[in-house]
Amino acid sequence: MNLIEELRWRGMIQDIMPGTEEQLSKEMTKGYVGFDPTADSLHIGSLVPILLLVHLQKAGHKPLALVGGATGMVGDPSGKSEERNLLSEEILRFNQEGIRKQLEKFLDFNCGERSAEMVNNYDWFKEMTFLHFIRDVGKHITVNYMMAKDSVKKRIEGDTGMSFTEFTYQLVQGYDFYWLYENKKCKLQMGGSDQWGNIVTGTELIRRKAGGEAFAFTCPLITKADGGKFGKTEKGNVWLDPQKTSPYQFYQFWLNAGDEDAEKWIKIFTFLSQSEVADILAAHKKDAGQRLLQKRLAREITVFVHGREEYEKAIVTTQKLFSNQDAPAESLSIEDLEEMEGVIKSDFAKERILTGIDIVSFLAETGIFSSKGDARKTVQGGGVSINRKKVENEKLKVDSSLLLHGQYILVQKGKKNYFLVKTI
RNA sequence: GGGCAAGUAGCCAAGUGGCCAACGGCAACAGACUGUAAAUCUGUCCUCUUCGGAGUUCGGUGGUUCGAAUCCAUCCUUGCCCA
C-alpha cells in the first residue's frame, strides 16, 4: 500500500492535487507541514499534522517541519472571524524551541537522507524588504485570485473586515512553499483542510515564478460527533507536554471519546493496520460496554506520545480511581494516595479538622471550590463525594473520623475530578 | 474629513425609563440514566453569601431623572458608504 492509499483508508485525505500520488511513487520526496508558534507547546490538534509527517517519513520520504515564526507574527485569517493579536519575536522564538523539542520525539532527525528537518520561515523573511516582496512575490499573484479565496471572501462579506496584513498572509505562506521548493527541493505540502487555500497559492507561485510543479494534500479537520471542539476538556486544551497535561489526563481524554469519534480517531491517530482496526471494531460492537475501542485508542496514543512507562502509570491510576468504584476509600494505601497522578493535591491545617469544620467551608478553604456559595450549590446538587461517599447533607461536619490513615481526605467533585487533601 | 449603522455576561443574541442581574440559544459544570460514552431529562451558570440577602454590571466618562442597559452630551472602538 502506498502512502496515499494508506492515508486514504485512514480518512486522512480531504483534498489532493492531481499527480501527487505519482510524484510520491516516483522518487524520494520532501514534504512539509507548517506549525503555528502561538503557544510554546503543541496540543493534540497538531498531532494530525505531525502524524502526516511521520507517515511520510515511514513511507521513505523526507519530512520538513516549518515553524511559522514570520507567519505567526502576522496571523492566519483562515477559520478566524477576527483579527488576531500579534506576537513579539521573543515569544515566538521561545515557543519555537518548545515545539522543536516535542517534534523530536516523533520524527527521526538522524537517519541519513530521510532525516526530518526543521525550518523557520522567519529566517528568510527577516531579510526580506517590502519592496522586494511586492516586486518578486506580489507581482505574480493577482488580487482577484486572492479575493476569490474562501477565507478572504468570508471576512469581506462578514462584518468584521480584514486588515491588509491578514490579507497578505496567504502570499506570505505561499512564498514559504516557493522558498522551500527553490532552496530545499521540497515539492509537497500537507496540512489541515483549512490550509488548502493558502497551499494552493503556494503551488501557484511555484508554477508562475519558477515554472515548477508542486503537490499538496490536506487532512480533514478533526471534529467531534457532538459538534464540540476537538481537543478541549473542562480544563482547556489537551497538550502534548506532560507538564501541561499529565499523561493520566491525556489518557483519560482519549478514553472518554464517544463511540463514533473513537472509530474515526483510531484510524487517524494510531498506526494500527486496517485488519487490526477491523478486529477491534468488531470486538467493540459485540460488547460496547467494555469500551475496548476507547481503551485501545487511548493506549496506542498515550504510548506514542508519552511512552509505555507513563501509559502504565496512567492505567494504574485509572484502575485505582475508577475500577473499584465501590471499594471503600479506606482500602487505598498511603502509597496509593500519594502516588496517584491526575489528582490535585492540597494541604490543610490539621487543627481545623480536629476541631471539626463544616463541609462548605472546608471545600472553599482547600481551594477545591472558589467560593462557599459555589461549594454549597454543588453539594446540594449531589456533586461532591468524600472518601467515595456522596455528601448528602450540606451541614456535614468534617472531622477526624473522616481522615484516611489519620491524615488524608479524598474529595471528588463530580465523577472524574479527584482532590487529595493532606492535613499537616 | 462627511454620512450611516453598531458596541449587552465566555460566545451568539433579546431588551429601548421602574416588573432587569437582564428573555432565549450555544458552550461549560453538576445530577439521573448509562459504558468514566452518545442521546435524553433535571439543576447551576456576574461576584460574595450566615441562602434571608448583599454588592458590582449592559464600550468609557459626565449629565437629565425619585429611578437609566434604555434619554442627553462627549469620547473611544468596529463595520458600511462617500470624499
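Numbers restart at 1 for each chain; the letters A, B, ... are given by sequence-line order, proteins then strands.
rA37(B) and rC29(B): their P atoms are spaced 12 Å apart (whole Å). Comparing the C1' positions of rA30(B) and rC19(B) gives a spacing of 32 Å, expressed to the nearest Å. Taking the C1' atom of each, rA14(B) and rA9(B) are spaced 13 Å apart, rounded to whole Å. With C1' as the reference atom, rU42(B) and rU56(B) are 30 Å apart, rounded to whole Å. Taking atom P in both rA13(B) and rC20(B), one finds a spacing of 23 Å when rounded to whole Å. Straight-line distance between the C1' atoms of rC58(B) and rC46(B): roughly 12 Å, to the nearest whole Å. If you take atom P in rU77(B) and the same atom in rA28(B), they sit 35 Å apart, rounded to whole Å. As rounded to the nearest Å, rU78(B) and rG55(B) have C1' atoms that lie 32 Å from one another.
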query = side-chain contact (heavy atoms from CB on, under 4.5 Å) between L188(A) and F217(A): does it pass, once the steps are laid out?
reply = CA-CA 8 Å; L188(A) 173 71; F217(A) 63 85; 4.1 Å; yes
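Phosphate proximity of rU44(B) to R376(A): absent, as no side-chain N or O sits under 4.0 Å from OP1 or OP2. Contact annotation: K390(A) side-chain N/O to rA30(B) OP1/OP2 distance is not under 4.0 Å. Look at N417(A) and you'll find a side-chain N or O under 4.0 angstrom from OP1 or OP2 of rA30(B). Contact annotation: K377(A) side-chain N/O to rC45(B) OP1/OP2 distance is under 4.0 Å. Taking only side-chain nitrogens and oxygens, K416(A) comes nearer than 4.0 Å to OP1 or OP2 of rA37(B).
Side chain of R299(A) to main chain of Y311(A): no donor-acceptor pair is present (N/O by atom type, distance under 3.5 Å, no hydrogens or angles).
In this structure, A257(A) reaches the sugar-phosphate backbone alone: every heavy-atom distance under 4.0 Å involves primed, P, OP1 or OP2 atoms, never a base.
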inquiry  = Expected output check: what is the dot-bracket annotation of RNA chain B, where ( ) and [ ] are pairs inside the strand (brackets for crossing ones), | is paired with another strand, and pairs are Watson-Crick or G-U under 3.5 Å?
reply    = ((((((((.[[[..)..(.....]]].(((((.......))))).(((....)))...[[[[[..)....]]]]]))))))).
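Taking Y408(A) as the reference, nothing meets the ring-ring contact (aromatic ring centres under 6.0 Å, His included) condition, with sequence neighbours excluded. Scored by the side-chain contact (heavy atoms from CB on, under 4.5 Å) test, S275(A) finds S273(A) as partners (sequence neighbours excluded). Scanning for salt bridge (Lys or Arg N to Asp or Glu O under 4.0 Å) contacts around K422(A) gives E338(A), with sequence neighbours left out. A search for salt bridge (Lys or Arg N to Asp or Glu O under 4.0 Å) contacts involving E104(A) returns R100(A), not counting sequence neighbours. The side-chain contact (heavy atoms from CB on, under 4.5 Å) search around S193(A) returns Q14(A), D15(A), T218(A), L221(A), not counting sequence neighbours. For the salt bridge (Lys or Arg N to Asp or Glu O under 4.0 Å) test, residues two or more places apart in sequence or in another chain that qualify with E394(A) are R376(A).
When the C1' atom of rA39(B) is taken as reference, atom CG of D261(A) falls 13 Å away, rounded to whole Å. The nearest whole Å value for the distance from the CD atom in E394(A) to the C1' atom in rU50(B) is 11 Å. Nucleotide rU34(B) holds its P atom 10 Å from the NZ atom of K415(A), rounded to whole Å. The CG atom of N256(A) sits 18 Å away from the P atom of rU34(B) (whole-angstrom rounding). The CG atom of L255(A) sits 12 Å away from the P atom of rA38(B) (whole-angstrom rounding). Between L297(A) atom CG and rU36(B) atom C1' the separation is 15 Å, expressed in whole Å.
Positionally, the nearest nucleotide of RNA chain B for T378(A) lies more toward the 5' end than for the other of Y251(A) and T378(A). Between E260(A) and Q380(A), the residue anchored nearer the 5' end of RNA chain B, judged by the nucleotide with its closest heavy atom, is E260(A).
Screening residues 347-373 of chain A for salt bridge (charged side-chain N to carboxylate O under 4.0 Å, His left out), with sequence neighbours left out, gives R352(A)-E365(A). Sorted pairs that involve residues 280-290 of chain A and meet salt bridge (charged side-chain N to carboxylate O under 4.0 Å, His left out), not counting sequence neighbours, are lacking altogether.
Classified by its glycosidic torsion, rG52(B) falls in the syn category, the angle being within 90° of 0.
Near-neighbour residues of RNA chain B inside residues 283-290 of chain A, defined by a heavy atom below 4.0 Å, number-ordered: A288(A), G289(A). Only S370(A), S371(A), K372(A), G373(A), listed by number, bring a heavy atom of residues 359-375 of chain A to less than 4.0 angstrom from any atom of RNA chain B.
The base of rU36(B) lies outside donor-acceptor range of the side chain of K295(A), with no N or O pair under 3.5 Å. A donor-acceptor contact under 3.5 Å links the side chain of Q252(A) to the base of rU36(B).
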Just list the side-chain donor-acceptor pairs under 3.5 Å for residues 199-207 of chain A, sequence neighbours left out, or say none.
unit_1  : atom_1 : unit_2  : atom_2 : d
T201(A) : OG1    : K149(A) : NZ     : 2.7
T201(A) : OG1    : Q170(A) : OE1    : 3.0
T201(A) : OG1    : G197(A) : O      : 3.1
T203(A) : OG1    : V200(A) : O      : 2.9
E204(A) : OE2    : R207(A) : NH2    : 3.0
E204(A) : OE2    : R208(A) : NE     : 2.9
E204(A) : OE2    : R208(A) : NH2    : 2.6

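Aromatic rings from F269(A) and F304(A) are positioned such that their centres are separated by 6.0 Å or more.
Using a 4.0 Å cut-off between charged side-chain N and carboxylate O, E6(A) and R10(A) make a salt bridge.
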